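Before any comments, here is the structure.
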Amino acid sequence: MTFQGRLVLLISGLVTLAVALVTILLAWTTHSAIQTRVEADGRGAATLLARSATLAREVPRDVEALLGDRLLSEATLAAHLVAVMEAGKAPVKAVTDRLKAVADGGGPDEIWVTDNRGRAYLHNIPGPDITFGPDARAQPRQAPYYGLLNRAPEKVVTDAATEGGKLMKFAGVAGVDKPRIVQVGADVRRLGDIARKAGVDGVMASLLAGGTVEGAWLLERDGRLAVHATGPSAGPLSERAVEAAKAAAAAGETGLLREGDRLTAFAPVPAMAGQGAGIAVVRLPAEDLSSVVGRHVKIGVLVGLLVLAAGVYGAVRFARSQMAPIERLGEAVAAVEAGRFNPFTLNEAMERNDEMGRLARVFRSMALEASYREETLDAQLLMRTAELETRTEKLAAAEHLIEEEQRAARDVQTNLLPQQLPAGRDSQFFGLLVPGPAVSGDFYDVIELDERHCLLVVAGVSGWGVPAAFLMLLVRGAIREAAARPGMTPAAILAAANDRLCGQSPFDGFATAFVALCDRETGMLSHSSAGNRAPCRIRADGSVLTLADAGGPALGVRKGIPYGEAVTRLEQEDTLFLCTEGVLRAVNAQREPFGEERLAAVLHQGRGLSARDRSELLLRAVEAHVGPGGQTGDIVCLTVRRLLPASELAPESEAAV
């Protein structure tokens, strides 16, 4: 037998077996599914009716309770509103008008607010004032609320009652500012509509409208009929059904009863407060399952024969259509082996949209690719080489541009430092700047205001490179411009510089700064900081103290910020050390920062050293900490040492000097 014949026989046998199995499975599952569905529908309908009967009792009561909670909330809001308006000396008419506006805008229908004697002098209902009293007979609505005057209790909710032809519900709370009653009421006539819509009658009508249920009954626990709704083909409940319903209710479980071609389901209704238990009964039509299964079997056999015939015919056509491209592919393989492959011989097979067509297209593509692969690889290699050379050139240009920007930023940073620091017999000044690999724009400055006073500045800016250098230029200019004004204190200088930077800086950057006004004769030092660390004061005995942290946030963050200021005095032989965060944040190979403790230890070691020697000692300590090539940011420090007056120097000391 040929491959084509075996393929046709295999497909025909599989189709026959599949049809037989599907028919048997269909008959069995249909019988079970119909029976299960009818029983589930019956139980579900009876349970739904029982739950609806329960909800018909619970819903109106729950809705009324929710309305009571809402009225209490509205009464509390009204109490607060009246207290606020009366605290603001609002007249009674203004308060009354506001209560009317609240009621007309969707609030409670009635609002009554009394004084401490129970007279309702504020209300949105036109008419005379009402005085709340304790007499329940004379005032059945007002009397329950009389105790709110003494906050015994603090809130009251009464049941809905008919008043003036309306079904009204009231709630009240005690006053929040003084003894008073705040009562609100709402028309709740829709409670009856809710009870009817959510009741048993509505559910029964919905069940009958669906067509699945023939009739629905609600029985008392002893079997007496309470409510029922039946269709045209449904008769009354049989005695057997009533007894079965009573048994199901006694057991507290749902039940089923088959009576001919009908199925009756029962579900107990639990007892509620003040109401007894009941039984929900529904009746559904149940056709003869055997006839249904028989019809499905006949339909399955007929469909199976049609499918079998179509399968045999399709198998023959399929086998013939699948063998043709296989033969073409076999011929193409032989041609490739012989070196005489003609790609056009696979055109017919390639036009197919199935696996054979894809196989033919892949085979021809592979055969053609084998002959052109070497040329393609050579061309791609040349292209990749050219692209690599272009990218290398661009990378070199970018590195050169970065180096130029860093050089320009470093030049700006160096040129803006003071070329000469103040000199004299009263003090020593020394500044130090060690730029990092990427210039960050930190700087120091000493501005001589007169022969006696000078301004000390250290600052650090955010960012790197040219933008940081430009921001450094703006910060230095802003501080110098503010310092040039007469009578400016360090805090005022920082405030003026901050306002200028917030309006002029083209970058989204900020700067930290420390400014100190130094009296070289008296040693008085008034200082202020803008986000910069407080300087260190090294006393003559070598102890290291940190100045008071006074000032405000960094410059350029928000305009109009005030800055604080502190005052201290440098004694003779005291040294003031100022630096930026670059000193403290210098890290070693273990990512440990230099930190405050190491800084204090180095400053203590430099006891008695000059300002230059002390700064260079610190620089060596930082370099030893970070190691070769470990510096990542700028290192800036400014050291000021106050000397002993010349009159106090010993003659030999003067000779040595």
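Remember, predicted model here, so these are calculated numbers, not experimental data.
Side-chain N/O atoms of Arg180 and Tyr121 include a donor and acceptor closer than 3.5 Å. A donor atom on one side chain and an acceptor atom on the other are found under 3.5 Å apart for Thr522 and Asp519.
The side chain to side chain donor-acceptor pair (under 3.5 Å) check on Ser73 picks up nothing, with sequence neighbours excluded. Applying the side-chain contact (heavy atoms from CB on, under 4.5 Å) criterion to Thr158, with sequence neighbours excluded, gives Pro144, Tyr145, Val156, Phe170. Take Tyr146 and apply the ring-ring contact (aromatic ring centres under 6.0 Å, His included) test, not counting sequence neighbours, and it matches no residue.
Atom NE2 of His604 is surrounded by 12 or fewer heavy atoms from other residues, nucleotides or ligands within 6.0 Å. Counting heavy atoms of neighbouring residues, nucleotides and ligands inside a 6.0 Å radius, atom CD of Glu387 exceeds 12 of them. When the shell of 6.0 Å around CZ of Arg569 is examined, it contains more than 12 heavy atoms from other residues, nucleotides or ligands.
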Apply side-chain contact (heavy atoms from CB on, under 4.5 Å) to residues Leu576 and Thr639 and explain how you reach the verdict.
CA-CA 6 Å; Leu576 182 67; Thr639 307; over 6 Å; no
Apply salt bridge (Lys or Arg N to Asp or Glu O under 4.0 Å) to the pair Arg598 and Glu592, showing each step before the final yes or no.
CA-CA 11 Å; Arg598 290 186 175 88; Glu592 296 176 350; 3.7 Å; yes
Trace of the salt bridge (Lys or Arg N to Asp or Glu O under 4.0 Å) decision for Arg641 with Glu573:
CA-CA 7 Å; Arg641 181 187 180 191; Glu573 293 301 320; 2.4 Å; yes
Is there a salt bridge (Lys or Arg N to Asp or Glu O under 4.0 Å) between Asp574 and Arg537 once you walk through the steps?
CA-CA 7 Å; Asp574 282 1; Arg537 175 187 174 190; 2.8 Å; yes
Does Asp426 form a salt bridge (Lys or Arg N to Asp or Glu O under 4.0 Å) with Arg642? I'd like the steps, not just the answer.
CA-CA 6 Å; Asp426 56 355; Arg642 190 177 179 214; over 6 Å; no
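Annotation: side-chain hydrogen bond (donor to acceptor under 3.5 Å, both in side chains) contacts involving residues 576-585, sequence neighbours excluded, comprise Asp442-Thr580.
For the pair Thr76 (side chain) and Leu72 (backbone), a donor-acceptor distance under 3.5 Å is present. With Ser528 contributing its side chain and Val515 its backbone, the two residues share no donor-acceptor pair below 3.5 Å. No donor-acceptor distance shorter than 3.5 angstrom exists from the side chain of Asp499 to the backbone of Cys502, with no hydrogens or angles considered. Under a 3.5 Å cut-off, the side chain of Ser462 and the backbone N or O of Phe510 do form a donor-acceptor pair. For the pair Thr114 (side chain) and Ile181 (backbone), a donor-acceptor distance under 3.5 Å is present.
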Can you list, pair by pair, the side-chain donor-acceptor contacts under 3.5 Å of residues 483-493, counting residues two or more places apart and other chains?
from: Thr489; atom 1: OG1; to: Ala492; atom 2: N; distance (Å): 3.2
from: Thr489; atom 1: OG1; to: Glu565; atom 2: OE1; distance (Å): 3.3

Using residues 99-112 as the side-chain source, report each donor-acceptor pair under 3.5 Å to any protein atom, sequence neighbours left out, with the distance given to one decimal.
from: Asp109; atom 1: OD2; to: Asp187; atom 2: N; distance (Å): 2.7
from: Glu110; atom 1: OE1; to: Trp112; atom 2: NE1; distance (Å): 3.1

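Here the side chains of Leu584 and Pro593 are not in contact, with every heavy-atom distance at 4.5 Å or above. Considering only heavy atoms from C-beta on, Cys454 comes within 4.5 Å of Phe429 through its side chain. Side chains of Met524 and Val567 form a contact here, defined as non-hydrogen atoms less than 4.5 Å apart. Proximity of Tyr444 to Cys637: side-chain heavy atoms (C-beta onward) are nowhere separated by under 4.5 Å. The side-chain heavy atoms of Asn588 and Val626, taken from C-beta on, include no pair separated by under 4.5 Å.
Leu149 contributes atom CG, which lies 11.5 Å from atom NZ of Lys178 (distance to the nearest 0.5 angstrom). Interatomic distance, CG of Leu603 versus CZ of Arg614, reported as 6.5 Å (0.5 Å rounding). How far CD of Glu74 is from CG of Asp69: 11.5 Å, rounded to the nearest 0.5 Å.
A salt bridge links Arg117 with Asp115: at least one charged nitrogen is closer than 4.0 Å to a carboxylate oxygen. A salt bridge links Glu596 and Arg533; the closest N-O separation between the charged side-chain nitrogens and carboxylate oxygens is under 4.0 Å.
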